[in-house]
Amino acid sequence: MLKINGLSKYFQSGEVLTKAIDGISMSVGSGEFVAITGASGAGKSTLLNVLGLLENFNEGSYEINGTEVSKMGDRQKAQVRNENIGFIFQSFNLLPYLSVYENIELPLKIRGINKSERKKSVEQLLEKFGLANRAKHLPSQLSGGQQQRVSIARALSCAPKLILADEPTGNLNSEMANEVFSMFEEINREGTTILVVTHDEGLASRAHKTIQIGDGKVMQVS
Amino acid sequence: MKAETEISLAIKSFGFQWQKYMFIAAVMSLGIAVFLVVSNLYINLTSAFEQPHLHQLYKPVLNDWKKDEAFDELDSSKLPPLMSYQNSMALAQIEPGQNASSFKTEVIYYPSQAQSLSLLPLSTRVSSISFFEIFNLHFKFGGKDELTQKSGAWVVLSNQTNERLFAGANSVGKKLNLNGHYFEVAAVLEEKTHLFREHDVVNGAFEGSEDIYLPWQAADVLNPVIRGKKLCKDGKYASRYLDVKEGSCLWVNHWVKLADSELHAYEQEVSSYAQQLSATGMLTGETPYQIYRAKDWYEKSGVINNDSKIFPLLAIAFMFVCAVNACVILYAQAIEQKPDAANWYAFGLSRRSILSVFLIQSGICSLFIVALTFVFSLVGISVFKGIFPAYETSLYLGLDSFFIMVVISISFMLFFSLFPGISLSRVKPVVYLKQGGVA
Ligand SMILES: Nc1ncnc2c1ncn2[C@@H]1O[C@H](COP(=O)(O)OP(=O)(O)O)[C@@H](O)[C@H]1O
Ligand SMILES: [Mg+2]
């Protein structure tokens with residue numbers, strides 16, 4: 001599903017050149033559940049952002065579903081993000097002025113799905129994540145755990161093949177973090193590929209594969 | 001990417017930020033409203049030149065005063081051309097067309113015992129009967145027949161004066177006591193229906209109109225106060241009509257109505273009259289006489305003076321300042337919207353669509369600008385009419401103003417949104433998604 005080869009990403013700030021990713025090669029197959037671990041500043045987020053087409057890279061190659069990313073234009077990338085990738089962020093990043101329902105509906109709207117089909121999908125997700133009675137609430141009226149459930153539902157709304165989650169449990173207590181990982185396991189069983197960045201070794205061990213990153217390089221795969 | 005999605009996103013996010021957009025709308029519409037009202041006024045004023053009856057009006061001017069004669073206490077270097085009573089009467093003899101002579105003064109109205117009024121000073125224009133025809137003034141009551149019947153003892157009331165003295169009733173035939181003499185009302189003028197006013201030509205811009213009109217014969221009887229040039233004739237103080245009637249410093253307004261074919265002959269007559277005067281040493285200067293077209297006289301007498309020409313420019317400048325302000329707020333608005341845009345971007349909105357959403361938001365804002373501009377302009381116009389009642393019927397927001405309003409609002413907003421919109425669409429999503437915490 002994803003294939004990267006010698007991928008590098010630099011940040012130039014003033015005189016200092018940071019190699020956030022330094023020649024990483026790896027591939028992630030369809031249906032895998034991969035945890036990415038590593039110290040702070042190791043390059044985990046940068047890797048995920050590049051994989052999610054939110055950021056360009058400097059060297060190497062990146063193929064997603066057989067298409068070379070560096071050859072895609074902005075619109076094509078937008079389409080890939082919309083149709084194939086679901087993002088989950090540490091700080092949820094829900095739109096504050098949209099209700100729970102509307103937040104989950106957003107990717108479907110962007111995709112151009114018609115209203116009745118959107119309704120069907122969103123209601124299913126609300127049901128699945130126990131948010132049915134919160135549909136009209138604004139994100140600010142929800143707890144952190146509930147907000148993260150909304151953001152997972154949003155990530156799933158377009159039925160993407162790939163979920164990218166950057167420390168999704170970082171702002172949650174351990175009980176809620178467990179719950180989120182249980183959801184990931186369930187989503188993964190239904191066939192969705194998951195890449196999740198986490199600090200928590202216990203949680204990471206629930207993935208099929210753990211990739212440890214250090215200084216922008218792959219240190220260990222287990 | 002469906003336009004429908006962009007529109008619905010734009011509406012949502014507009015609703016979230018409506019306060020800022022309303023502020024932009026208020027600032028922008030204020031600028032446009034000021035521009036609209038001022039330009040409307042200006043166009044109104046200038047279009048008054050185009051009235052057909054003005055094309056045949058001419059003003060002969062004789063520069064018959066001498067520099068060593070004391071004249072005006074204020075600015076002796078820029079003295080106005082002068083037409084004495086004598087010269088005016090002499091020119092009236094040679095004119096082939098109609099002519100109108102007049103001067104402005106003031107008489108006191110003595111109310112009858114039945115009227116609960118005190119002594120009332122009335123601004124008065126002493127004039128010939130043809131004055132009303134030449135300046136295309138229409139009558140509400142009475143008319144030319146009554147004026148000729150009463151020959152030297154008529155009085156014409158402005159509509160306003162008729163309201164004041166006779167509560168708007170038909171007062172033709174009623175007698176008025178002016179300075180202790182009785183005059184019979186021969187006619188009442190209609191309300192002015194357009195901006196051009198005869199007194200703009202004879203008095204200059206924005207001076208009030210006359211309360212009443214009296215015949216020349218009445219001036220001999222009433223001997224009214226002369227306005228303005230008090231020092232006259234060998235430095236002697238002259239304050240009343242009869243003191244200066246025979247002299248050279250009674251400033252008479254003299255107009256003549258000529259067909260094109262009559263103009264040449266008339267010029268020659270005036271020229272030979274001026275030569276006669278020059279020969280006796282009465283006229284000085286290289287051009288002892290001039291003949292102005294009404295339009296030129298308008299310019300010269302400052303009906304559209306340089307001040308009023310500056311107003312449209314000031315209005316444009318003001319509108320520009322407002323636009324700059326709106327632009328700055330829009331830019332701040334775009335910066336604040338970056339976390340949202342980053343979010344949209346992550347879920348599949350292309351950069352172009354982000355720009356579209358921002359432009360649509362501005363489009364919505366421009367609808368509010370149109371509405372507010374409409375309100376502000378109406379308020380502005382009614383305030384202006386309150387101050388200058390003469391504009392009552394001539395100043396209004398026409399369909400063309402409305403059209404201009406819509407075009408300016410929308411094009412301004414789209415133009416000024418382009419730069420902030422592009423900057424928004426170039427958002428670095430990662431920066432804002434990492435900060436997160438939008439909720
Ligand atoms: N926008 C940026 N500009 C400059 N340096 C950056 C930027 N983003 C990340 N970095 C640097 O890249 C390195 C990797 O960062 P990141 O991927 O966020 O690490 P992690 O998520 O593993 O903590 C760090 O040294 C960080 O300082
Ligand atoms: Mg990180």
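Below, chain A is the first sequence line, B the second, and so on; all start at residue 1.
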Note to self: Taking CG in B:L399 as the centre, count heavy atoms belonging to other residues, nucleotides or ligands within less than 6.0 Å. Is the count above 12?
What the structure shows: no
Check: Considering only heavy atoms from C-beta outward, does the side chain of B:Y345 approach that of A:D74 to under 4.5 Å?
Finding: yes
Item checked: Gap between atom CG of A:D166 and atom CG of B:L433 - 0.5 Å precision -> 10.0 Å
Item checked: Greater than 12 external heavy atoms within 6.0 Å of A:D215's CG -> no
Checklist line | Structural part of A:F87 lying under 4.5 Å from a heavy atom of chain B | finding: both
Check: For atom CZ of B:F415, is the number of surrounding heavy atoms from other residues, nucleotides or ligands below 6.0 Å larger than 12?
Finding: no
Next item on the list: Enter the distance from B:S353:OG to A:R75:CZ here, rounded to the nearest 0.5 Å.
Entry: 7.0 Å
Check: Do B:T5 side-chain atoms and A:G112 backbone N/O form a donor-acceptor pair below 3.5 Å?
Finding: no
Margin query: Is it the case that over 12 heavy atoms from other parts of the model lie below 6.0 angstrom from the CZ atom of B:F416?
Written below: yes
Item checked: Distance-minimising heavy-atom pair for A:L54 and B:P429 -> O-CG, 3.5 Å
Next item on the list: Give a yes or no on whether A:F33 atom CZ has more than 12 heavy-atom contacts from other residues, nucleotides or ligands under 6.0 Å away.
Entry: yes
Margin query: Please check this pair: side chain of B:N343 against backbone of A:N93, looking for a donor-acceptor N/O pair closer than 3.5 Å.
Written below: yes
Check: Taking all non-hydrogen atoms of both residues, which atom of B:F347 and which atom of A:A155 are closest, and how far apart?
Finding: CE2-CA, 4.3 Å
Note to self: Take a 6.0 Å sphere around CD of A:E175 and say whether it holds more than 12 heavy atoms from other residues, nucleotides or ligands.
What the structure shows: no
Item checked: Shortest non-hydrogen contact between A:N82 and B:G348, atoms and distance -> CB-CA, 3.6 Å
Item checked: Sub-4.5 Å side-chain heavy-atom contact between B:K12 and A:L106 -> no
Next item on the list: Give, as side chain, backbone, both or neither, the part of A:L98 having an atom under 4.5 angstrom from any heavy atom of chain B.
Entry: side chain
Margin query: Could you tell me if the side chain of A:Y97 sits less than 4.5 Å from the side chain of B:Q17, heavy atoms only?
Written below: no
Notebook entry, point to check: Got more than 12 heavy atoms from elsewhere within 6.0 Å of CD, B:E4?
Noted result: no
Next item on the list: Hey, could you give me the OG/NZ distance between B:S8 and A:K115, rounded to the nearest 0.5 Å?
Entry: 9.5 Å
Checklist line | Interface moiety of A:E102 toward chain B, non-hydrogen atoms closer than 4.5 Å | finding: side chain
Notebook entry, point to check: Under 6.0 Å from the CD atom of A:E127, do we count more than 12 heavy atoms belonging to anything else shown?
Noted result: no
